[in-house]
Amino acid sequence: MTTATRQEVLGLYRKIFRLARKWQAASGQKEDTMKEKQYILSEARTLFQKNKNLTDINLIKQCIDECTARIEIGLHYQIPYPRPIHLPPMSLTPLQGRGLRTQEKLRKLSKPVYLKSHDEVS
C-alpha cells in the first residue's frame with residue numbers, strides 16, 4: 001500500500017468515526033440514535049479489520065470507493081444501513097439460456113458498489 005493510499009484509508013476511518021459521533025437518527029429518538037451509532041462503528045471496525053491485509057491496489061481502490069459511496073448514501077438518506085436492491089427473479093438473464101448460473105453471475109455483476117461487502121459480512 002502506498003503512503004497516499006494509506007493516508008486516504010486512515011482519513012476515511014477517521015471520517016466514519018466523526019460521522020458516528022455526530023449521527024442523529026431520522027426518527028429523533030435517543031434509542032434509535034444509539035443503535036445507529038453502534039451499527040456505524042461496528043460495521044466500520046468489521047470491514048476495516050477484514051480488509052486490513054489487502055495488498056492489491058485495485059481491491060483497495062474498490063474498497064475505498066465502496067466506503068465513500070456508503071458514507072454519501074448514509075448522509076443523503078439519513079440511514080446508516082445499506083440500501084437494498086430489488087430485482088425480480090430471472091429479470092437479468094437473456095431470453096435464451098435462462099440458467100441459474102447465468103442468473104447468479106448477472107446479479108453479482110449488477111450489484112451496486114456500496115453493497116459489494118455487505119453479503120460477505122452480514
Side-chain angles (χ1 to χ4, degrees):
M1 183 183 315
T2 64
T3 306
T5 308
R6 180 177 169 79
Q7 292 302 321
E8 188 176 1
V9 170
L10 291 174
L12 280 173
Y13 197 68
R14 284 189 298 268
K15 184 175 183 176
I16 291 170
F17 276 81
R18 275 188 247 118
L19 175 71
R21 190 177 32 210
K22 297 176 184 178
W23 186 263
Q24 288 294 320
S27 66
Q29 295 180 356
K30 191 172 184 176
E31 301 85 30
D32 291 343
T33 299
M34 293 307 292
K35 283 182 194 175
E36 291 178 4
K37 282 182 178 185
Q38 282 303 113
Y39 174 79
I40 292 169
L41 294 174
S42 67
E43 183 80 359
R45 285 186 185 116
T46 302
L47 289 175
F48 275 86
Q49 284 293 322
K50 181 185 131 222
N51 296 323
K52 75 177 182 180
N53 295 322
L54 289 180
T55 54
D56 182 22
I57 194 72
N58 292 328
L59 286 175
I60 295 170
K61 289 290 184 191
Q62 185 180 10
C63 289
I64 290 171
D65 292 342
E66 179 185 355
C67 181
T68 305
R70 286 184 71 174
I71 289 171
E72 290 173 4
I73 289 171
L75 289 173
H76 179 76
Y77 291 104
Q78 287 296 307
I79 55 169
Y81 312 107
R83 297 190 71 226
I85 56 170
H86 301 288
L87 295 172
M90 304 303 277
S91 64
L92 298 174
T93 57
L95 293 177
Q96 303 144 344
R98 290 182 168 246
L100 185 58
R101 279 186 273 168
T102 306
Q103 175 70 21
E104 288 177 6
K105 182 180 176 184
L106 289 171
R107 278 187 180 277
K108 192 173 193 176
L109 290 174
S110 68
K111 188 181 279 193
V113 70
Y114 61 86
L115 286 176
K116 295 290 183 191
S117 65
H118 187 263
D119 291 338
E120 298 167 6
V121 175
S122 299

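Worth knowing before you read on, the calculation uses all heavy atoms, side chains too, and leaves out hydrogens, waters and symmetry mates.
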Do M34 and I79 share a hydrophobic cluster, counting only Ile, Leu, Val, Met, Phe, Trp and Tyr and linking them when any side-chain heavy atoms are less than 4.5 Å apart? no

Any residue meeting side-chain contact (heavy atoms from CB on, under 4.5 Å) with R14, in chain and number order, not counting sequence neighbours: L10, R18

Would you say the side chain of L19 lies within less than 4.5 Å of the side chain of L75, judging by non-hydrogen atoms? yes

Atom CZ in R21, atom NZ in K37: separation rounded to 0.5 Å? 9.5 Å

Look at the side-chain heavy atoms of Ile, Leu, Val, Met, Phe, Trp and Tyr, link any pair under 4.5 Å apart, and say whether L47 and I57 land in one connected group. no

One should read off an interatomic distance between L12 CG and C63 SG, to the nearest 0.5 angstrom, of 11.0 Å

Rounded distance (nearest 0.5 Å) linking atom NZ of K35 with atom CD of Q29: 9.0 Å

Straight-line distance of S27 OG to E36 CD, nearest 0.5 Å: 6.5 Å

Please lay out, stage by stage, how I60 and T55 fare under the test side-chain contact (heavy atoms from CB on, under 4.5 Å). CA-CA 7 Å; I60 295 170; T55 54; 5.8 Å; no

Please tell me if the side chains of L41 and Q38 come closer than 4.5 Å, counting only heavy atoms from C-beta onward. yes

With the side chain counted from C-beta on, respond yes when Q24 and Q78 share a heavy-atom pair under 4.5 Å apart, and no when they do not. no

Correct closest heavy-atom pair for A25 and T33 would be N-OG1, 3.1 Å

Which pairs pass ring pair (Phe, Tyr, Trp, His ring centres under 6.0 Å) with one or both residues in residues 2-26, sequence neighbours excluded? Y13-F17, Y13-F48

Enter the distance from C67:SG to E43:CD here, rounded to the nearest 0.5 Å. 10.0 Å

So that I can tick it off, tell me whether E66 and K61 are bridged by a salt bridge, with the cut-off set at under 4.0 angstrom between side-chain N and carboxylate O. no

Should L54 and I64 be regarded as members of a common hydrophobic cluster, given that ILVMFWY residues are connected when their side-chain heavy atoms come within less than 4.5 Å of each other, either directly or indirectly? yes

Let me confirm one number: the CD1-CD1 distance from I71 to I16, rounded to the nearest 0.5 Å. 4.5 Å

